[in-house]
Protein chains: 2
Amino acid sequence: MANPMYRQIAEHLREQIEGGELEPGQQLRTEIELREHYGASRNTIRDAIKLLTALGLVETKPGQGTFVVRKMEPYVTTLTGSPKVPTLYGEVDDSAAGHTEGRERLLYSTDPQVEIQKAPASVARLLEIDEGSQIVSRHQKRYIDGTPWSMQTSFYPMGFVLKGADRLIQAGDISIGTMRYLEQTLGLKQVGYRDWITVRTADATETTFFNLPLDGRVGVFEVFMTAYDRTKTPMRLTATVYPTDRNQFIVNVGDVPESVNGSELGPA
Amino acid sequence: MANPMYRQIAEHLREQIEGGELEPGQQLRTEIELREHYGASRNTIRDAIKLLTALGLVETKPGQGTFVVRKMEPYVTTLTGSPKVPTLYGEVDDSAAGHTEGRERLLYSTDPQVEIQKAPASVARLLEIDEGSQIVSRHQKRYIDGTPWSMQTSFYPMGFVLKGADRLIQAGDISIGTMRYLEQTLGLKQVGYRDWITVRTADATETTFFNLPLDGRVGVFEVFMTAYDRTKTPMRLTATVYPTDRNQFIVNVGDVPESVNGSELGPA
DNA sequence: GGGTATTTGTCCGTATGTATT
DNA sequence: AAATACATACGGACAAATACC
């Protein structure tokens with residue numbers, strides 16, 4: 001008798017989901033049917049479903065019903081390799097799509113959106129420059145197979161542009177890569193970098209772009225990469241945001257096998 | 001007029017919180033007062049507060065009120081260093097405690113809880129052994145200054161014990177460290193490791209131990225570290241769980257400065 | 001395109017329970 | 001013990017989204 005009714009109902013449904021009686025993608029009974037089944041009011045049923053939604057077990061679609069969530073095949077990014085692109089394991093979930101078996105996954109980035117800003121405190125601290133000094137920011141949105149994958153913003157000190165790296169402030173891709181471009185124009189060579197990995201709730205922009213539920217249930221990784229030159233001076237700060245529901249990371253240290261064995265990652 | 005009322009109210013309160021009009025730790029007006037202020041029903045006010053709770057902006061305490069959350073000073077763990085202990089930045093929030101200024105933070109681990117199990121699929125895959133084969137698991141809970149920090153479980157193939165590393169199955173700490181112990185007894189030397197970083201919702205055990213809200217709002221990092229010997233054979237799998245609301249990670253690659261500059265990390 | 005049935009979303013009012021002060 | 005404040009639960013009404021005919 002300890003637990004409130006809505007939690008008991010949620011627990012009962014959870015057991016059915018995790019026990020496999022309700023399969024991923026399957027529709028639950030409607031709120032009205034569950035109301036009669038459990039002898040509770042519709043609002044109590046809704047509280048139970050809200051709890052399951054918060055736990056990421058079900059999702060509700062207005063006008064359609066409540067469904068057991070289909071787990072997404074994660075994108076796995078290796079942080080200790082360069083460049084940082086995701087290794088993709090397993091198959092795309094194409095149960096809803098047509099005949100797409102065997103296709104390659106397509107990585108697509110928008111053209112960089114370039115702005116000149118005053119450095120906010122967080123950027124200034126990691127770039128080791130004064131707060132409020134001028135910086136160049138280059139922002140890109142990245143998709144995999146049309147699914148929003150990450151949002152990335154790189155920051156450079158404005159001094160780089162003044163010293164000759166003027167293509168930094170031109171919109172559009174720098175085809176040879178910005179790091180190589182900086183080496184060629186300014187002689188700046190990256191000798192190391194530090195990633196700082198955090199998780200926070202998504203803001204409004206991110207919620208929209210990644211198509212996340214607006215209740216803040218799904219957080220985002222925010223990875224700050226500070227690149228250092230030979231003199232251990234920061235030469236670039238890259239902040240990348242990834243939704244936690246479809247991204248994982250790998251860090252390799254020392255001598256390790258080439259790739260993660262097996263085709264399937266993800267929890268057992 | 002597009003947005004429902006409870007979201008407009010939540011938005012209004014959110015602006016007050018992020019604008020600093022409502023300070024961390026400060027109590028919001030009660031549901032009854034907000035009901036009169038916004039001309040909505042108490043249930044609608046509660047919906048707004050539930051949304052803010054899901055976004056991690058406020059917390060409710062029965063019998064007391066609703067409060068703006070106090071951000072925790074994060075524990076920062078460097079994944080590319082060994083051993084993996086958190087670097088601690090900034091001050092402990094001791095506004096509620098007494099005179100504790102200047103004290104050191106204390107790291108405490110419970111004695112290992114040792115079990116012999118059959119390898120579940122996820123463990124077998126990363127240890128590259130057969131599913132269902134015997135493994136030794138050693139589980140520890142770790143605290144910083146009394147605050148639950150992480151739960152760690154290490155898995156070793158049972159063969160290690162049979163070959164002479166019998167202290168693996170004794171409860172209690174192996175003071176010289178298990179890696180050194182395995183090197184001394186079996187000649188197994190770790191030459192590298194791979195960390196695999198995921199985020200998922202906390203289960204019931206974790207929710208209890210870390211004292212997380214039961215609505216699944218706060219997720220947990222799950223870091224799987226696979227250690228490899230000279231022959232690139234996995235010799236240990238360590239799974240560590242950290243709540244995302246108080247943990248961050250650092251990855252260093254190449255030549256980087258000693259420490260993160262400045263005393264304060266965390267969002268601007 | 002329009003209309004209707006179905007299903008979830010929002011909002012209200014009320015009553016009672018539980019935790020804290 | 002009493003007051004306060006949030007938590008649970010009920011029932012009802014209408015809105016909005018979707019699917020189907």
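By convention in this document, chain letters (A, B, ...) are assigned in the order of the sequence lines, proteins followed by strands, and residues within each chain are numbered from 1.
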Hey, what do you get for [atom1] ([X]) to [atom2] ([Y]), rounding to the nearest 0.5 Å?
{"X": "L13(A)", "Y": "L55(A)", "atom1": "CG", "atom2": "CG", "result": "11.5 Å"}
{"X": "E222(A)", "Y": "W196(A)", "atom1": "CD", "atom2": "CH2", "result": "8.0 Å"}
{"X": "M151(B)", "Y": "K141(B)", "atom1": "CE", "atom2": "NZ", "result": "5.0 Å"}
{"X": "E115(B)", "Y": "R138(B)", "atom1": "CD", "atom2": "CZ", "result": "12.0 Å"}

| request: Mind jotting down which residue pairs meet the ring-ring contact (aromatic ring centres under 6.0 Å, His included) criterion with at least one end in residues 21-71 of chain B? Sequence neighbours excluded, please. | output: H12(B)-Y38(B)

| task | Show your reasoning for whether salt bridge (Lys or Arg N to Asp or Glu O under 4.0 Å) applies to R29(B) and E36(B). | result | CA-CA 11 Å; R29(B) 281 170 289 183; E36(B) 286 157 9; over 6 Å; no

Indicate yes or no for a side-chain donor-acceptor contact from [X] to the backbone of [Y] under 3.5 Å, with no hydrogens or angles considered.
{"X": "D203(B)", "Y": "T205(B)", "value": "yes"}
{"X": "Q113(A)", "Y": "H139(A)", "value": "no"}
{"X": "T53(B)", "Y": "I49(B)", "value": "yes"}

| task | Find which nucleotide of DNA chain D each of T66(B) and T44(A) is nearest to by heavy atoms, and output the residue with the more 5' nucleotide. | result | T66(B)

| said: Would you say the rings of Y242(B) and F210(B) are close, in the sense that their centroids are separated by under 6.0 Å? | reply: no

| said: Suppose we call two aromatic rings close when their centres sit under 6.0 Å apart. Are Y143(B) and F209(B) close by that rule? | reply: yes

| Contact interval (first through last nucleotide) of DNA chain D with protein chain A, 4.0 Å heavy-atom | dT8(D) to dA19(D)

| said: Any strand counts, and the cut-off is 3.5 Å on both contacts for Watson-Crick or G-U wobble. Which nucleotide pairs with dA19(C)? | reply: dT4(D)

| message | Checking R142(B) against S150(B) for the side chain to side chain donor-acceptor pair (under 3.5 Å) test, could you report, in this order, the C-alpha distance in whole Å, the side-chain angles of both residues, the deciding distance, and whether it holds? | response | CA-CA 5 Å; R142(B) 303 191 289 183; S150(B) 63; 3.0 Å; yes

| note | Under a 4.0 Å heavy-atom cutoff, the residues of residues 46-57 of chain B touching DNA chain D are R46(B)

| message | Can you list, in residue-number order, the parts of residues 27-37 of chain B that come under 4.0 Å of DNA chain D, counting heavy atoms only? | response | T30(B), E31(B)

Mind listing the side-chain donor-acceptor pairs of residues 17-26 of chain A below 3.5 Å, one per line with the distance, residues two or more places apart or on another chain?
unit_1 : atom_1 : unit_2 : atom_2 : d
E18(A) : OE1    : R14(A) : NH1    : 2.3
E18(A) : OE2    : R14(A) : NH1    : 3.3
Q26(A) : OE1    : E23(A) : N      : 2.9

| Where protein sits on nucleotides 15-21 of chain C, one letter per nucleotide: B base, S sugar-phosphate only, - none, heavy atoms under 4.0 Å | ----BSS

| What is the distance, rounded to the nearest whole Å, between atom CD1 of I45(A) and atom C1' of dT8(C)? | 14 Å

